[in-house]
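Here the structure is a predicted model, which means the values were calculated and not measured. Note: hydrogens, waters and symmetry copies are ignored here, and every other heavy atom, side chains too, is used.
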Amino acid sequence: MSIETMTAETGVLEILYDSFAEQGIDCDIAMPDYCPDIMRILKCSVTNSITNSKISGDRATVDGSAKIRIIYTDEKNGIYTFEQDYPFSKFAELPSTFDGAMLFATAKTEYANCRAVSKKRIDIHGVISIRFRIIGIKKDNVITGAQGDGVQLMKKEISADSAVDVIRKKFQLAQTEETDGDIGKILFASASPVLSETKVIKGKILLKGEAAMKVVYCAEGGENKSVCANFNLPFSEIIEAENVNEDCKITVSFCVEQIQAEPKTDNDGEYKYLNIGCDICALVTAYRPSTLGVIADAYSTEKEIEAKYKTATFTRITQNINDSFVCRETLDLSSMEPQRIYTVIADPPEAKVSFDGDRMSVTGRIPLKLILIGGDGTPVFCEREAKFEYSRSVDSQSGNLRFEPQLVLTGYSCTLTGDGKAEFKAEAGISGTVTESCESRTLVSLQASEASELKKRHSSLVICFCSGGERVWDIARKYNTTVEEIMSENELTSEEIPEKMMLIIPVK
């Protein structure tokens, strides 16, 4: 009789490929004659959009566009902007084909420098870092049982969440909004997706939420004034997922691939409307909860066996977090001697996570870019940062926790308070999934050895003197008998020896 094993399939979400490629920006911008002359450049920024990403065989390709925006002043200290798109395309040679996997690409500006060559020409140099991440589900079979040839098993129950489906869904949001006054050039636009509800029915996942959009633009009228407008773009998306049912746990992460903010004229030809929108890419993963009886050790009472083991990691989702907090920071602007704040632009927050028992802390910084107006009306650019901390208790059993926060700014403001100080206040949303992992010795193969009959003992009973704390399993393994027979023969109620004692070992 041979040994027959039983298995259970598990799925693990893995980053199958993760690499970066650099895209240089080197261009000479010639501004049209109708633009005011450049007196001084305040800020050069590069905002990236992903227009297309795909995997074709052993190559991944990302197409996009970098929007170069120059904020400058003329001879009368008037603030103006000029923007130009810089298309790019980048590819990565993959080590193999990744059937059924998805490309999740992002682009980040590492730096952007510019200088005015003349009153109408600007020289731009910069670097965009494009990240190629290919994500998929790796299937594995875990041995959960075996029978035949007197095989004995030490089982360990482990709670784990198995990945059953991963979907990349791209959707677009767009609407037209009326403003209070005439719109000049756009200074800044951002979009922050916020998930409010996730619902699962068989074969479908429903996502509900909104994208909080902020648009900062120059106001027409001759004075150096900017307007900050906030909008909410709701979304409700149904995602087809054939492997999910109501028992599944769902995780969602967002990436904003494009942002649109363009002035639009009314019937009188005045720019009093804004066309706004964004392209959002959602990475949705479904997990099915399970309890696995993995085998940590095995032996046979009848034959010599060959068993191979590995250390496997099992992960379960402990909770989904969708919360908000307020960040406040006092900024020292006294060296600039500001009379008023023209505008403040907050970049995406940077954060790190730490755990202390069942307490989680998320600390980080929000990079800030400010344009100030001095007493003589001269605009000045400066950079500051606002620090934040978010703390809460989380569910934990083993303590090996992990959390990758998604942080979005749903609103912020900055006001002068006197003595060259300013008060920055931001409302932030934090979301993500807390996971807990554990490692366990796991059986990966089991078979009887050739010429494997065990040598028989002459006696049918053996006296064993053992110490407190020893496991019955180890004693049974040593004498090629079973845990059940030792416990029955010695009337034991626990599989751990409570104290120093003598045991009678029935042997075959």
Does the pair S431 and L195 meet the rule for a side chain to side chain contact (heavy atoms under 4.5 Å, CB included), with working shown? CA-CA 8 Å; S431 60; L195 186 67; over 6 Å; no
With ring-ring contact (aromatic ring centres under 6.0 Å, His included) as the rule and sequence neighbours excluded, what pairs involving residues 267-288 come up?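 Residue pairs with at least one partner in residues 267-288: there are none.
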| Tell me, which pairs form a ring-ring contact (aromatic ring centres under 6.0 Å, His included) where one or both residues lie in residues 365-410, sequence neighbours left out? |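 Pairs touching residues 365-410 that pass the test: F325-F388, F325-Y390.
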Does a donor on one side chain and an acceptor on the other come within less than 3.5 Å for N320 and T433?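 N320 vs T433: donor-acceptor pair found between side chains.
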Tell me yes or no: between the side chains of D63 and T51, is some donor less than 3.5 Å from an acceptor?
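Their side chains do not contain a donor-acceptor pair, so the 3.5 Å distance test is not met.
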Residues in side chain to side chain contact (heavy atoms under 4.5 Å, CB included) contact with [X], at least two apart in sequence or another chain:
X: E9; answer: K139, N141
X: L416; answer: L333, P338, I341, A422
X: E177; answer: Q175, F231, I276

Audit row: M213, L173, side chain to side chain contact (heavy atoms under 4.5 Å, CB included) steps and yes/no:
CA-CA 11 Å; M213 282 201 67; L173 305 177; over 6 Å; no
(message) Let's go through E404 and R402 carefully: what are the C-alpha distance in whole Å and the side-chain angles of both, what is the deciding distance for salt bridge (charged side-chain N to carboxylate O under 4.0 Å, His left out) to 0.1 Å, and is it a yes or a no?
(response) CA-CA 7 Å; E404 294 186 3; R402 182 179 175 85; 2.7 Å; yes
task: Sequence neighbours left out, what passes salt bridge (Lys or Arg N to Asp or Glu O under 4.0 Å) with R384? Give chain and number order.
output: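 Per chain and number, R384 pairs via salt bridge (Lys or Arg N to Asp or Glu O under 4.0 Å) with no residue.
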| message | Between E257 and R168, is the salt bridge (charged side-chain N to carboxylate O under 4.0 Å, His left out) condition met? List the steps. | response | CA-CA 13 Å; E257 294 195 334; R168 180 180 182 271; 3.1 Å; yes
- prompt: Would D347 and K369 satisfy side chain to side chain contact (heavy atoms under 4.5 Å, CB included), going step by step from the backbone distance to the final call?
  reply: CA-CA 8 Å; D347 286 344; K369 299 175 175 62; 2.2 Å; yes
